[in-house]
Amino acid sequence: MNCRRITRRLSSWQDGELDAARSREVERHLRDCPACRGRWAGLRELQQQLLLEPPPADDPFLAARVMARLRPRPLRGGRLLRAAAWAAVFAAVSVGGFLLQAALAGNGAPAPAASYSSVLLEPQEFGLLAVHDDFLDLFNGGGREAR
Amino acid sequence: MSMDDAARSDDDIVVSVLEGRTRDYEVLIRRYSRRITLFVARMIGDNDEARSIAQDVFLKIYENLPYYRRENNFSAFIFKVARNMALNYIKRRRRTVLFSRLLGRDLDRAPFRQDPPRLLELERGEREGELNRQLRRLSEEQRLALVLKVYLEFSYRQIREVTGWSVPKIETLISRAKSRLKKNLRLQENGGKAVNPAREQ
Ligand SMILES: [Zn+2]
């Protein structure tokens with residue numbers, strides 16, 4: 001039996017991740033091999049040391065602090081309402097832009113393209129898109145500030 | 001927390017919160033806060049800072065609850081968020097240290113107000129064990145895998161759900177992390193004492 005192979009498996013064995021057959025192989029080898037027994041003793045000692053490190057003290061007010069800072073979520077249908085509000089803002093700005101352009105350029109003004117883009121370029125002002133961006137950041141490991 | 005709350009699944013509670021019963025979110029916080037704080041503490045090597053990051057984790061989770069796809073794996077979801085926030089904190093801390101070095105400050109001697117992490121490290125010197133310092137010297141991947149295994153008692157499969165890594169990769173990371181720690185903590189190796197490790201900085 002190969003000590004190198006066993007050494008590679010000792011950690012998984014310790015973590016309870018080896019199947020029964022491989023576990024038996026390790027156990028049998030350890031009985032006969034003082035060198036691997038030494039390695040195994042080292043792993044056990046390490047585990048004990050790691051668990052000796054004191055955990056953070058319990059924080060009994062954590063839940064209360066978080067709860068105090070939550071913004072209540074709108075009741076069911078809230079997302080629909082927000083979408084409607086978003087559409088209304090969008091329409092208002094578009095129409096506003098159109099009227100403004102029409103007023104400035106007199107008759108025959110082109111479509112209000114500038115107004116659309118000015119809305120789309122600043123998504124952070126609108127809750128829906130902002131939350132979504134944050135979320136993507138999160139899973140890209142993005143660096144946006146946490147709070 | 002009532003008995004009823006303890007019996008409810010994470011996903012049931014998420015649905016309830018999303019339906020507007022915000023108070024129910026507290027059940028999830030109480031269910032996970034100790035583990036999330038411990039996880040962050042071991043990842044960043046700082047018990048005190050871990051509490052405030054844990055708080056941010058729960059705020060972030062709440063904000064993004066509508067995007068959680070319910071598949072009975074809220075635990076993986078919340079640990080993913082905690083992992084990202086811990087790694088972001090480490091990145092910020094490293095940037096601050098680099099920035100301070102660029103300014104030519106001698107951090108080991110002169111206190112430098114804009115560098116709280118490094119100062120904390122100095123203050124901690126006494127009370128913080130050698131172990132935390134050694135944990136922080138592992139690669140981020142090794143530390144993540146080891147912390148989930150040793151302190152959260154995750155199986156390799158559960159670690160895969162949080163990290164997206166294959167089980168063989170997780171196996172290797174954990175095994176190497178242990179070897180490295182064993183060596184650096186001068187624990188028994190081959191039946192004897194390992195030689196005094198060279199300090200790597
Ligand atoms: Zn052997």
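Protein chains get the first letters and strands the later ones, always in sequence-line order, with residue 1 at the start of each.
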Looking at CD1 of B:I159 and CG of A:D15, how far apart are the two atoms once the value is rounded to the nearest 0.5 Å?
7.5 Å

Would you mind telling me which of A:R37, A:R8, A:E17, A:R9 has the largest number of heavy-atom pairs within less than 4.5 Å of chain B?
A:E17

To the nearest 0.5 Å, what is the distance between CD on B:Q55 and CZ on A:R65?
4.5 Å

B:R176, CZ: over 12 other non-hydrogen atoms inside 6.0 angstrom:
no

Is a donor on one side and an acceptor on the other found under 3.5 Å between the side chain of B:K182 and the backbone of A:E45?
no

Close side-chain approach of A:S12 to B:Y156, heavy-atom, < 4.5 Å
yes

Show the numbers, then the answer: is there a salt bridge (Lys or Arg N to Asp or Glu O under 4.0 Å) between A:D58 and B:R51?
CA-CA 9 Å; A:D58 262 339; B:R51 295 165 148 215; over 6 Å; no

Side chain, backbone, both or neither: which part of B:K178 has an atom under 4.5 Å from a heavy atom of chain A?
both

Can you tell me how far CD of B:Q134 sits from CD of A:E53, rounded to the nearest 0.5 angstrom?
11.5 Å

Most heavy-atom pairs under 4.5 angstrom with chain A, which of B:V150, B:V57, B:T172, B:T37?
B:V150

Restricting to non-hydrogen atoms, name the atom on A:S11 and the atom on B:I174 that form the minimum distance, rounded to 0.1 Å.
OG-CG2, 3.9 Å

Atom group of B:L38 that falls short of 4.5 Å from chain A, counting heavy atoms
both

Between the OH atom in B:Y151 and the CG atom in A:L51, the distance rounded to the nearest 0.5 Å is 6.0 Å

Examine whether an atom of B:R42 lies under 4.5 Å from a heavy atom of chain A, and if so say whether it belongs to the side chain, the backbone or both; otherwise answer neither.
side chain

Separation between CG (A:D59) and OG (B:S52), nearest 0.5 Å, reads 10.0 Å

Would you say B:Y62 and A:V66 make side-chain contact, with heavy atoms under 4.5 Å?
no

Distance check, rounded to the nearest 0.5 Å: B:L181 atom CG versus A:Q49 atom CD?
10.0 Å

Pick from A:L70, A:L52, A:L10, A:L62: which one has the most heavy-atom pairs with chain B under 4.5 Å?
A:L70

